[in-house]
Chemist: 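Shown below is the structure under consideration.
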Amino acid sequence: MAEPATATQAAAPAVPQLKDELDIVIPTIRNLDFLEMWRPFFQPYHLIIVQDGDPSKTIKVPDGFDYELYNRNDINRILGPKASCISFKDSACRCFGYMVSKKKYIFTIDDDCFVAKDPSGKAINALEQHIKNLLSPSTPFFFNTLYDPFRDGADFVRGYPFSLREGVPTAVSHGLWLNIPDYDAPTQLVKPLERNTRFVDAVLTIPKGTLFPMCSMNLAFDRELIGPAMYFGLM
């Protein structure tokens with residue numbers, strides 16, 4: 001009879017917080033009560049809040065967060081005649097937050113995104129996963145059939161070229177979401193009650209040269225690598 005295993009598995013290395021290297025940019029038109037749900041994950045970080053809409057409206061931010069808040073008057077004052085390059089009355093105003101940040105990394109999230117839970121009921125720290133992605137290499141030239149080869153418990157499968165296994169720096173980490181899908185308006189009208197309930201615990205690299213729809217409601221990027229390319233055109 002086999003004896004019970006006595007060796008303990010080594011703990012996974014802690015994910016760096018990057019609290020001095022990452023800003024959280026939030027565009028908003030409302031009070032930021034949603035931050036209470038994110039407090040365990042966001043509180044160590046500096047928030048850059050870009051208020052859209054009426055600049056005379058007061059936006060309330062829960063106590064205990066380190067933040068700076070800009071409205072349209074601030075954008076006009078800081079950018080002067082170039083202020084028109086920042087979109088107005090839509091969430092693309094977040095680009096101003098990208099501009100004023102001095103950090104290497106940006107995580108941006110909409111003010112109506114809530115903390116999801118995995119099938120066990122545990123809250124998902126989306127920001128931590130974005131940081132893991134940004135600090136791990138990407139493999140855009142050759143697809144690995146075990147998904148992310150840099151994840152614990154995975155590696156490159158047989159046949160993957162050794163010359164490509166170091167990967168390349170990751171510029172963008174694109175998060176997804178549960179509940180309401182990010183459909184265009186006609187699709188939403190046709191499927192008003194449709195909800196996304198399928199949780200997928202996987203990280204995929206988008207192959208080089210592939211087009212994909214990118215949404216900024218749950219997104220992180222390396223500002224030094226790709227910052228200017230994250231500018232959202234005027235709407």
Side-chain angles (χ1 to χ4, degrees), residues 21-30 32 34 42 45-57 59 67-114 126-127 129-131 133-134 138 140 168-177 179-191 196 204-235:
E21 299 177 69
L22 182 144
D23 279 332
I24 299 176
V25 174
I26 305 170
T28 189
I29 57 171
R30 57 177 65 89
L32 295 180
F34 92 115
F42 288 3
Y45 297 90
H46 178 68
L47 312 182
I48 299 177
I49 301 165
V50 184
Q51 178 181 343
D52 195 21
D54 183 1
S56 67
K57 180 181 177 181
I59 296 292
Y67 71 93
E68 51 189 307
L69 172 64
Y70 297 94
N71 60 31
R72 193 68 205 183
N73 292 338
D74 299 314
I75 294 172
N76 291 338
R77 173 178 52 83
I78 293 169
L79 295 184
K82 297 182 179 179
S84 60
C85 73
I86 301 298
S87 203
F88 188 49
K89 293 187 177 178
D90 62 75
S91 67
C93 66
R94 73 181 80 227
C95 292
F96 183 77
Y98 303 166
M99 187 196 74
V100 298
S101 173
K102 301 297 187 292
K103 305 288 180 61
K104 177 177 173 61
Y105 301 105
I106 294 286
F107 170 58
T108 185
I109 188 170
D110 282 7
D111 61 8
D112 57 356
C113 289
F114 306 120
L127 175 54
Q129 183 62 60
H130 280 298
I131 291 173
N133 292 347
L134 290 173
S138 291
V168 297
T170 299
V172 177
S173 174
H174 185 251
L176 301 179
W177 46 88
N179 197 26
I180 301 176
D182 188 37
Y183 287 153
D184 52 72
T187 306
Q188 289 186 42
L189 289 173
V190 174
K191 300 180 175 182
N196 175 31
L204 297 176
T205 297
I206 298 169
K208 178 178 169 57
T210 301
L211 299 175
F212 75 102
M214 188 182 74
C215 177
S216 60
M217 73 171 72
N218 175 19
L219 182 77
F221 61 93
D222 185 322
R223 188 169 162 274
E224 295 179 359
L225 275 180
I226 200 172
M230 297 303 292
Y231 173 73
F232 289 33
L234 297 174
M235 301 210 182

Chemist: Between D110 and R94, is the closest basic N to carboxylate O distance under 4.0 Å?
Modeler: yes
Chemist: Could you grab the distance from atom OG1 of T108 to atom CD1 of I48, nearest 0.5 Å is fine?
Modeler: 10.0 Å
Chemist: Calculate, to the nearest 0.5 Å, the distance between atoms SG and OH belonging to C85 and Y231 respectively.
Modeler: 5.0 Å
Chemist: Please name the residue in the list I59, D74, N73 that meets the side chain to side chain contact (heavy atoms under 4.5 Å, CB included) test with Q51.
Modeler: I59
Chemist: Considering only heavy atoms from C-beta outward, does the side chain of L22 approach that of L127 to under 4.5 Å?
Modeler: yes
Chemist: Check whether any side-chain heavy atom of I78 sits under 4.5 Å from a side-chain heavy atom of Y70, and report yes or no.
Modeler: yes
Chemist: Checking L32 against Y67 for the side-chain contact (heavy atoms from CB on, under 4.5 Å) test, could you report, in this order, the C-alpha distance in whole Å, the side-chain angles of both residues, the deciding distance, and whether it holds?
Modeler: CA-CA 12 Å; L32 295 180; Y67 71 93; over 6 Å; no
Chemist: Is the ring pair F107/H130 parallel, tilted or perpendicular, if the boundaries are 30 and 60 degrees?
Modeler: tilted
Chemist: Do you know which two heavy atoms are closest between F221 and G227, and how far apart they sit?
Modeler: CE1-CA, 4.3 Å
Chemist: I'd like to know if the side chain of Y98 reaches the main chain of V25, judged simply by a donor and an acceptor atom lying under 3.5 Å from each other, with no hydrogens or angles considered.
Modeler: no
Chemist: Of all the heavy-atom pairs spanning L225 and P169, show the shortest one and how long it is.
Modeler: CD1-CB, 3.9 Å
Chemist: Do the side chains of V172 and I206 get nearer than 4.5 Å, heavy atoms only?
Modeler: no
Chemist: If only atom types and distance count, is the side chain of K102 paired as donor or acceptor with the main-chain N or O of V100 below 3.5 Å?
Modeler: yes
Chemist: Does this structure show an ion pair linking D52 with K89, if we count only N-O contacts that are shorter than 4.0 Å?
Modeler: no
Chemist: Do you know which two heavy atoms are closest between L134 and S173, and how far apart they sit?
Modeler: CD2-N, 4.1 Å
Chemist: Could you walk me through whether W177 and C113 pass the side-chain contact (heavy atoms from CB on, under 4.5 Å) check?
Modeler: CA-CA 8 Å; W177 46 88; C113 289; over 6 Å; no
Chemist: With a 4.5 Å cut-off on side-chain heavy atoms, are M99 and I86 touching?
Modeler: no
Chemist: To check you understand the geometry: which heavy-atom pair defines the closest contact between V50 and G97, and what is its length?
Modeler: CG2-N, 3.8 Å
Chemist: Could you give the distance from SG (C93) to CD1 (I26), rounded to the nearest 0.5 Å?
Modeler: 11.5 Å
Chemist: Is a donor on one side and an acceptor on the other found under 3.5 Å between the side chain of D111 and the backbone of F34?
Modeler: no
Chemist: Could you grab the distance from atom OG1 of T28 to atom CG of L47, nearest 0.5 Å is fine?
Modeler: 11.5 Å
Chemist: Between the side chain of T205 and the main-chain N/O of P140, is any donor-acceptor distance below 3.5 Å?
Modeler: no
Chemist: Between F114 and N179, is the side-chain contact (heavy atoms from CB on, under 4.5 Å) condition met? List the steps.
Modeler: CA-CA 10 Å; F114 306 120; N179 197 26; over 6 Å; no
Chemist: Looking at every heavy atom in both L234 and S84, which two are closest together, and how far apart are they?
Modeler: CD2-O, 3.3 Å
Chemist: Minimum heavy-atom separation for K103 and R223, please, with both atom names.
Modeler: O-NH1, 3.2 Å
Chemist: So how far is it from L79 CG to R77 CZ, rounded to the nearest 0.5 Å?
Modeler: 10.0 Å
Chemist: Do S216 and F232 come close enough that some side-chain heavy atom pair is under 4.5 Å?
Modeler: yes
Chemist: Tell me whether Q188 contacts the main-chain N or O of Y183 through its side chain, where contact means a donor paired with an acceptor under 3.5 Å.
Modeler: yes
Chemist: Rounded to the nearest 0.5 Å, how far does CG of N196 lie from CG of L176?
Modeler: 8.5 Å
